[in-house]
2 protein chains.
Amino acid sequence: MSGTPKCREAILEIKPYVPGKPIEEVQRELGIQDVIKMASNENPLGPSPDAVLALREAVERVHLYPDGNCYYLKEALAARYGVSAENIIIGNGTDEILKLLAEAYINPGDEIVVADPTFSEYEFAAQVMAGRAVKVPCQNFRHDLKAMAAAITPRTRLVFVCNPNNPTGTIVSQKEVASFLDKVPPEVIVVFDEAYSEYVTAEDYPDTLAYIKEGRPNVIVLHTFSKIYGLAGLRVGYGLAAPEIIRAVNRVREPFNVNLLAQVAALAALKDEFHVAKSQEVNARGKEFLYGAFSALGLKFVPTEANFIFVDVGRDSREIFQKLLRKGVIVRTGDIFGYPNYLRITIGTRRQNERLIQSLKEILAGD
Amino acid sequence: MSGTPKCREAILEIKPYVPGKPIEEVQRELGIQDVIKMASNENPLGPSPDAVLALREAVERVHLYPDGNCYYLKEALAARYGVSAENIIIGNGTDEILKLLAEAYINPGDEIVVADPTFSEYEFAAQVMAGRAVKVPCQNFRHDLKAMAAAITPRTRLVFVCNPNNPTGTIVSQKEVASFLDKVPPEVIVVFDEAYSEYVTAEDYPDTLAYIKEGRPNVIVLHTFSKIYGLAGLRVGYGLAAPEIIRAVNRVREPFNVNLLAQVAALAALKDEFHVAKSQEVNARGKEFLYGAFSALGLKFVPTEANFIFVDVGRDSREIFQKLLRKGVIVRTGDIFGYPNYLRITIGTRRQNERLIQSLKEILAGD
């Protein structure tokens, strides 16, 4: 097919990501001003006030390239976790680290193992590198780690454990993870995506950091500043792993992948333990409120360890989504995860939760 | 080699990028406080004041994900250039767009054609995708477009024209480009990297936008907010091309690649024509000042159309670089570009230029 540029065949299979609708887009398209977003699992309290202060001080320096090595942020994370800077990779959001992992490890035809449903960007990253995602159905909305271990083949390079899982909010336990890792061949990397770990209250949540500290060569743990730290807009996530993995991923990293303001804000947010504690408390209360309200409305939901709830609305959730949108409430439909009757709703502030429930009540009553 | 995770062989050949040393790093390592950076072609006047104001207003919203579609920035760019939003891709710096182009078009064993010396990230992007860079020597520090056209083979997917070229500051003309494009097969994409175009004063600089407007399917023009717009720290670049190319590149783009503050600042900076004009003027004057000073010091240099000058220091430039560093002046050595006797020096403010020249004079006098 000469005549025009031809893109790689592998990428033709990629389905575009469906993001949560931005507030501005809803305002623009529907002409509503008062819009709240409970769609993207952002922190409803906003960014850490310390991060905002740090940003205000740094905005006049944005003509300078960022430190490509993220020196100060890595030092702070290393101190926090008791690891070395060589155990750390910082990315333009965890999204970028997922792509870097694929670029570092996936040759055409290689496989990754993921849960179904789970965060879609694992598969995306593999597809960019002409890899293939083997999807293992969740059991009772939880990762089926036994089946995932059994799905590993000689072509498997990466296994993704989203813990808590997006969109279900469920976790796998310390014991399950230990038994799982015993079965994973040492040349296969297990990626623990712990984007929501700060919200977890379950006591049997795995201590994956211990695997990094003991020098396990085939584990990487991913964290983000986009969730409880309230910096989704700035794009900064990080990975903790053995230096060999970090070096491989650094080979394919662009030199200035993490912007200057992201580094400054993340450093400040990391130290703001008060904001994290407050955010945990607001989430814990909001969770109980929404559990109560969903129960009262007769809606089944998956108990969550994260800052969102997967709710069964008992009919095509896109319809409810559209009606909520017109009331200025943005949520996420489950169809993109293969659960067309579900909504994924971010736990908000009390006021946001009340507005959601009131709107949902009116809609379900046929308003 | 079972036992540990094995990264892709193709990436083992990647040489790490050598960035300009960050000011903070020099302060930390040498214990000097008063450090100036003339190493990374940043705008010495700083960011647009309008961009700084816009940033101050936006910092409290960084808990929200950015608009993955960069709606407002694309609309503004479309209006500026008289094209459609479908002609535009925004990246986490132009660096990211280079990688996206490689991901979209380069299969293992495919080739790109680049000048030598030129910006190293073209080759990097190709290497990530197991592609190979065919390097065509510059003639008199300028792209040899005839030789580059002749270097195209059936495996060539992308040809990179860095115009003005980094690190030489030279340009190719409208006429040369027109004749070059006549020879490029229609299935090969020509990438014009015009990161420094706003500094160009030559009248025969190519109007590459015209190719986009006429719908040419195999041209993409790259611009950045990192140089004259003074937003290097925020990471935002963009590409203009036929919708087919934009769609291909969008397939491999992460959904939230451009951070929220970058979008806000770029939009404001784009409208701040005064800052651009002032930056052009400071650069024009600084260029004349440095031309004069280098001549007086007996140093040959390559006349530049950009905001940096490639200077022959007549000996191993790493030595001069180290001595300048100890005087608190960061520049860039030419060895990484294959010119070990050259320095690449960013044109600064009058004060910075004077300090550079005074320091250089002392060093050359054997101080």
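Chain naming here is simple, since letters A, B, ... match the order of the sequence lines and numbering starts at 1 in each.
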**Study point:** More than 12 heavy atoms of other groups within 6.0 Å of Glu13(B) CD
**Key:** no
Review point. Got a sec: does the CD of Glu57(A) have more than 12 other heavy atoms crowding it under 6.0 Å?
Key: no
Point to revise | Minimum heavy-atom distance Pro217(B)-Pro5(A), with the two atoms named | key: O-CG, 3.4 Å
Check your understanding: Which one of Asn107(B), Ile189(B), Ile245(B) has the most heavy-atom pairs closer than 4.5 Å to chain A?
Key -> Asn107(B)
Point to revise | Arg235(B) side chain vs Val258(A) backbone, donor-acceptor pair below 3.5 Å | key: no
Review point. When rounded to the nearest 0.5 angstrom, what distance separates CG in Leu261(B) from CG in Leu234(A)?
Key: 5.0 Å
Review point. Do Leu55(A) and Glu60(B) have side-chain heavy atoms sitting under 4.5 Å apart?
Key: no
**Study point:** Side chain Asn92(A), main chain Asn257(B), donor-acceptor under 3.5 Å
**Key:** yes
Review point. So which of Val249(B), Val59(B), Asp67(B) has the biggest tally of heavy-atom pairs under 4.5 Å with chain A?
Key: Val59(B)
Check your understanding: Do the non-hydrogen side-chain atoms of Met129(A) and Arg8(B) ever get within less than 4.5 Å of each other?
Key -> yes
**Study point:** Leading residue by heavy atom contact count with chain B [cutoff under 4.5 Å; candidates Glu9(A), Lys21(A), Glu42(A)]
**Key:** Glu42(A)
Exercise for review: Evaluate the side-chain proximity of Pro255(A) to Glu121(B): yes if any heavy-atom separation is below 4.5 Å, no if none is.
Suggested key: yes
Exercise for review: May I ask you to name which of Arg61(A), Glu244(A), Arg157(A) has the most heavy-atom pairs under 4.5 Å with chain B?
Suggested key: Arg157(A)
Exercise for review: Check each atom of Pro66(B) against the heavy atoms of chain A and say whether the ones under 4.5 Å are side chain, backbone, both or neither.
Suggested key: both
Practice item. Applying side-chain contact (heavy atoms from CB on, under 4.5 Å), run through Leu12(B) and Arg251(A) and close with a yes or a no. Key: CA-CA 8 Å; Leu12(B) 294 174; Arg251(A) 283 185 176 275; 4.1 Å; yes
Point to revise | Verdict with supporting geometry, Glu254(A) and Tyr17(B), side-chain contact (heavy atoms from CB on, under 4.5 Å) | key: CA-CA 8 Å; Glu254(A) 294 150 31; Tyr17(B) 181 83; over 6 Å; no
Practice item. Answer yes or no: does atom CD of Gln27(B) have more than 12 heavy-atom neighbours from other residues, nucleotides or ligands under 6.0 Å? Key: yes
Check your understanding: So which part of Arg28(A) gets closer than 4.5 Å to some heavy atom of chain B, the side chain, the backbone, both or neither?
Key -> side chain
Point to revise | Portion of Phe256(B) that has a non-hydrogen atom of chain A nearer than 4.5 angstrom | key: both
Point to revise | Criterion side-chain contact (heavy atoms from CB on, under 4.5 Å) on Glu103(A) and Lys99(B), from CA distance to verdict | key: CA-CA 11 Å; Glu103(A) 289 170 343; Lys99(B) 210 192 208 187; 2.6 Å; yes
Practice item. With rounding to the nearest 0.5 Å, note down the distance linking CD1 in Ile106(B) to SG in Cys7(A). Key: 13.0 Å
Review point. If we only count heavy atoms from C-beta on, is the Tyr65(A) to Pro22(B) side-chain gap below 4.5 Å?
Key: no
**Study point:** Under 4.5 Å from any heavy atom of chain A - which part of Lys227(B)
**Key:** side chain
Study note, to complete from the structure: Closest non-hydrogen atoms of His63(B) and Gly46(A), given as atom of the first, atom of the second and distance, are CG-CA, 3.4 Å
Check your understanding: Given a strict heavy-atom distance threshold of 4.5 Å, which part of Tyr72(A) is in contact with chain B: side chain, backbone, both, or neither?
Key -> side chain
Point to revise | Contact winner vs chain A - Asn259(B), Leu260(B), Val52(B), heavy-atom pairs under 4.5 Å | key: Asn259(B)
Check your understanding: Is it the side chain or the backbone of Arg253(B) that comes within 4.5 Å of chain A heavy atoms, both, or neither?
Key -> backbone
Point to revise | chain B contact via Leu53(A) - side chain, backbone, both or neither, heavy atoms under 4.5 Å | key: neither
Exercise for review: Please look at Lys37(A) and chain B and tell me whether the side chain, the backbone, both or neither of the residue comes under 4.5 angstrom of a heavy atom of that chain.
Suggested key: side chain
Check your understanding: For Glu96(A), is it the side chain, the backbone, both, or neither that has a heavy atom closer than 4.5 Å to a heavy atom of chain B?
Key -> both
Check your understanding: Between CG of Asn43(B) and CG of Leu64(A), what distance do you get to the nearest 0.5 Å?
Key -> 10.0 Å
Review point. Can you tell me how far CD1 of Ile11(B) sits from CG of Asn250(A), rounded to the nearest 0.5 angstrom?
Key: 10.0 Å
Study note, to complete from the structure: To the nearest 0.5 Å, atom CG of Asn218(B) lies from atom OG1 of Thr4(A) at 9.0 Å
